[in-house]
Amino acid sequence: MLNTAKSIAETLKKHKKVKIVSHIDADGITAGSIASMCLKREGIEHSVDFVKQLDENVIEKLRNENPELVWFTDLGSGMIDKLEGLNAVITDHHKIQDMQKANNHLNPHLFGKNGAVDISGAGLTYLVAKNMNSKNIDLSALAIIGAVGDMQDSEYGKLIGTNRKILQDGEKSGVIDCNIDIRFFGRETKPVFKLLQYANDPIIPGLTGREENCIKFLQDLDINMKDEERWRKWINLNKDEKRKIVSKIVFTLLSKGFGHKNAKRVLGEVYILTKEKSGTELHDAKEFATLLNSCGRYNKTEIGYNVCLGNRDEYLQRARTLLQGHRRTLVDALQFVNNLGITKRKYIQYFHAKDNINEKIVGIVAGMLIPYADKMPLIAFANSEDGVKVSARTDRSLVEKGLDLSVVMNLSAKKVGGIGGGHNVAAGATIPKNTEEEFLEETERIVKEQIG
Ligand code: C5P
Ligand code: C5P
Ligand code: ZN
């Protein structure tokens with residue numbers, strides 16, 4: 001991959017003005033920020049657009065603007081056959097539908113690597129930045145936030161593959177530290193019972209979403225929740241208290257049949273951003289990534305982007321407010337699906353949230369439900385202004401049997417006149433209204449073909 005990164009870096013350096021186009025989630029925002037910072041350091045003029053997906057409308061608009069060079073980060077791979085007429089370079093980890101047409105294109109799939117776990121959009125953009133100037137290795141911190149934002153550490157409880165090399169750059173340049181600890185959101189900033197209440201990777205049966213149970217859980221273990229008047233956070237607990245809590249969570253997961261794989265993910269690597277202030281959302285990669293998702297997924301990408309660039313005060317305060325809203329929205333959405341129920345077919349299961357869940361977070365919700373749901377691909381629908389948004393998620397074990405949701409979403413969407421793509425374990429699509437049933441039939445047919 002390094003030769004391609006180098007050649008893209010050379011191409012970028014030859015231009016005076018670059019248009020960056022990136023995705024609205026944490027990985028996309030960090031990718032766009034890395035691109036922007038490395039161009040700034042080279043004195044190359046640029047602007048950044050964040051979009052929820054790269055579709056024909058976005059491409060048409062770009063064609064009309066006719067920029068000297070476009071740099072697509074964390075998107076582009078699914079649309080290479082539609083980019084004719086644009087001078088473009090791409091750093092993306094989504095599945096490429098037509099490998100033949102890939103040039104000026106840095107993507108792990110071109111090198112036999114899995115884009116869902118090996119490296120993120122931010123990581124690929126970082127590789128280009130590093131090749132532009134070796135001083136850019138401090139940007140590895142943003143690349144790690146992007147990878148964690150895309151949950152690339154979730155499968156094994158740690159980052160693997162190319163992400164590990166980026167992690168080493170981060171350690172070497174003194175911007176990242178890596179420890180073994182509980183992997184839940186909020187270690188540094190939330191009271192311990194809140195950390196349990198909002199646990200979602202994996203969900204803890206009986207605790208996630210249930211404040212009273214979380215308080216009782218800690219009381220039963222004789223753990224003081226307060227130091228005098230202050231709520232104790234995870235980082236304020238002693239080793240023995242932490243050990244007691246982790247053992248009990250693992251026991252709960254195993255006794256409720258959630259398997260070793262989920263139990264193992266409770267404890268794992270956590271990534272500390274050493275240059276950030278301890279006890280803030282920015283000190284822990286997972287919290288930082290969640291903060292960014294809270295901006296991008298609610299049309300406030302600018303705020304997250306500014307936080308990444310180091311413009312803090314006002315932007316950080318606004319991002320924190322969005323974060324609170326995001327976490328509440330997720331809990332409500334989970335509750336909504338709980339009440340609605342998931343419909344099972346022979347090879348797939350689905351729910352349709354209609355207008356009750358925002359299309360930009362329905363994928364996160366589907367992902368959270370996977371450890372709970374039957375071992376079949378889960379298809380989630382939500383209404384969108386462009387038609388119907390689809391998000392698909394699956395348990396890794398089905399991927400090992402041959403399931404590839406990026407192919408399933410791409411082909412099923414095409415069949416009904418939509419677009420789709422993504423990764424083997426997580427993919428999505430947008431389809432025309434009222435084509436859901438036909439879409440599900442095609443999805444089921446392809447899933448059966450892949451794993452039946
Ligand atoms: O667009 P993008 O690549 O950023 O989105 C990746 C999506 O895939 C995220 O929603 C992430 O949660 C999901 N994912 C997952 N399990 C993995 C890798 C990614 O659920 N192992
Ligand atoms: O939107 P959602 O979180 O479900 O997306 C899952 C993955 O599928 C993401 O990586 C996203 O970028 C990708 N996707 C895509 N094309 C679409 C919709 C989603 O490649 N039309
Ligand atoms: Zn990504």
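Everything numeric here is computed off the predicted structure, so don't read it as measured data.
- Side-chain N/O atoms of T280 and E188 include no donor and acceptor closer than 3.5 Å.
- Across all their heavy atoms, D74 and G28 have their closest contact at OD2-N, 3.3 Å.
- Side-chain contact between E241 and V192 is absent, with no heavy-atom pair separated by less than 4.5 Å.
- No more than 12 heavy atoms of other residues, nucleotides or ligands sit less than 6.0 Å from atom CZ of F251.
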*Kindly indicate, with the supporting measurements, whether the criterion salt bridge (Lys or Arg N to Asp or Glu O under 4.0 Å) is fulfilled by K52 and D25.*
CA-CA 8 Å; K52 72 175 178 188; D25 67 358; over 6 Å; no

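- Between E314 and R318, at least one side-chain N (NZ, or NE/NH1/NH2) sits under 4.0 Å from a carboxylate O, which counts as a salt bridge.
- Taking the charged nitrogens against the carboxylate oxygens, D169 and K165 have no contact shorter than 4.0 Å, which rules out a salt bridge.
- Of the N and O atoms on the side chains of N136 and R41, at least one donor lies less than 3.5 Å from an acceptor on the other residue.
- Between the side chains of S120 and D27, at least one donor N or O sits under 3.5 Å from an acceptor N or O.
- Heavy-atom minimum distance, A382 versus I357: CB-O, 3.5 Å.
- By the neighbour-count criterion of 12 heavy atoms within 6.0 Å, atom CG of D313 is sparsely surrounded, having that number or fewer from other residues, nucleotides or ligands.
- Remark: the backbone N or O of S406 is paired with a side-chain donor or acceptor of D404 at under 3.5 angstrom.
- Side chain to side chain, T343 and Q349 fail the donor-acceptor criterion of an N or O pair below 3.5 Å.
- The backbone N or O of T329 sits nowhere less than 3.5 Å from a side-chain atom of D332 that would complete a donor-acceptor pair.
- For F184 and W234, the distance between ring centers is not under 6.0 angstrom.
- Crowding of R396 atom CZ: a count of heavy atoms from other residues, nucleotides or ligands under 6.0 Å exceeding 12.
- Between the side chains of D355 and N383, at least one donor N or O lies within less than 3.5 Å of an accepting N or O.
- Between S22 and the choices T73, T301, T125, the side-chain hydrogen bond (donor to acceptor under 3.5 Å, both in side chains) rule is met once, by T73.
- Within a 6.0 Å radius of NZ in K190, more than 12 heavy atoms belonging to other residues, nucleotides or ligands are found.
- Within 6.0 Å of atom CD in E437, more than 12 heavy atoms from other residues, nucleotides or ligands are found, so the atom counts as buried in its surroundings.
- With hydrogens and angles ignored, the 3.5 Å screen pairs a side-chain donor or acceptor of R164 with a backbone N or O of L159.
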*L282 and L316: side-chain contact (heavy atoms from CB on, under 4.5 Å), yes or no, with the steps?*
CA-CA 9 Å; L282 308 181; L316 182 54; 4.0 Å; yes

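- A salt bridge does not link D227 with R230: every distance from a Lys NZ or Arg NE/NH1/NH2 to an Asp or Glu carboxylate oxygen is 4.0 Å or more.
- Other residues, nucleotides and ligands place more than 12 heavy atoms under 6.0 Å from the NZ atom of K344.
- When all heavy atoms of G123 and I119 are compared, the pair lying nearest together is C-CD1, 3.5 Å.
- More than 12 heavy atoms of other residues, nucleotides or ligands lie within 6.0 Å of NZ in K226, so this atom counts as buried by the packing criterion.
- Contacts of E438 classified as salt bridge (Lys or Arg N to Asp or Glu O under 4.0 Å), with partners at least two apart in sequence or in another chain: none.
- Checking side-chain atoms of R297 against main-chain N and O of K360 turns up a donor-acceptor pair under 3.5 Å.
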_Set out, in order, the CA-CA distance, both residues' side-chain angles and the distance that settles ring pair (Phe, Tyr, Trp, His ring centres under 6.0 Å) for H423 and H93, then state yes or no._
CA-CA 8 Å; H423 310 289; H93 64 140; 4.5 Å; yes

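- Between the N163 side chain and the D118 main chain, a donor and an acceptor come within less than 3.5 Å of each other.
- Legend: side chain to side chain donor-acceptor pair (under 3.5 Å) pairs involving residues 254-264, not counting sequence neighbours, sorted by first then second residue: N262-R265.
- The two atoms that bring G420 and N410 nearest to each other are O-ND2, 2.9 Å, heavy atoms only.
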*How far apart are the C-alpha atoms of T208 and Q197, what are their side-chain angles, what is the distance that settles it, and do they pass the side chain to side chain donor-acceptor pair (under 3.5 Å) test?*
CA-CA 4 Å; T208 300; Q197 187 185 338; over 6 Å; no

*Dump the intermediate steps for side-chain contact (heavy atoms from CB on, under 4.5 Å) on T394 and L378, then the final yes or no.*
CA-CA 6 Å; T394 177; L378 173 60; over 6 Å; no

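- For the pair R320 and E281, the salt-bridge criterion is met [side-chain N within less than 4.0 Å of a carboxylate O].
- V362 approaches F381 most closely through the heavy-atom pair CG2-O, 4.2 Å.
- Between the side chains of Q219 and K216, not a single donor N or O lies within less than 3.5 Å of an accepting N or O.
- The pair E287-R187 fails the salt-bridge criterion, with no side-chain N (NZ, NE, NH1 or NH2) lying under 4.0 Å from an Asp/Glu carboxylate O.
- Centroid-to-centroid, the aromatic rings of Y298 and H326 come within less than 6.0 Å.
- A donor and an acceptor atom, one from each side chain of Y305 and S36, are located under 3.5 Å apart.
- D55 places a side-chain N or O within donor-acceptor distance of the main-chain N or O of N57, the cut-off being under 3.5 Å.
- Across every non-hydrogen atom of M409 and A392, the tightest pair is CE-CB, 3.7 Å.
- In summary, D222 and K244 do not engage in a salt bridge, as defined by a charged side-chain N under 4.0 Å from a carboxylate O.
- Between the side chains of N179 and E269, no donor N or O sits under 3.5 Å from an acceptor N or O.
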*Checking side-chain contact (heavy atoms from CB on, under 4.5 Å) for the pair V175/L273: CA distance, chi angles, key distance, verdict?*
CA-CA 6 Å; V175 292; L273 302 156; over 6 Å; no

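- For K433 and D386, the salt-bridge test fails: no basic side-chain N is under 4.0 Å from an acidic carboxylate O.
- E442 places no side-chain N or O within 3.5 Å of a backbone atom of L411 that could act as its donor or acceptor partner.
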*Please walk me through it: do E436 and V416 pass side-chain contact (heavy atoms from CB on, under 4.5 Å)?*
CA-CA 9 Å; E436 291 95 324; V416 300; over 6 Å; no

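- Contacts of S397 classified as side chain to side chain donor-acceptor pair (under 3.5 Å), with partners at least two apart in sequence or in another chain: D395.
- A donor-acceptor pair under 3.5 Å is formed between the side chain of N238 and the backbone N or O of D240.
- Between the side chains of H105 and S77, a donor-acceptor pair is found at a separation under 3.5 Å.
- At distances below 3.5 Å, not a single donor-acceptor pair connects side-chain atoms of T91 with backbone N or O atoms of L124.
- Judged by distance alone, the side chain of N107 and the main-chain N or O of H94 form a donor-acceptor pair under 3.5 Å.
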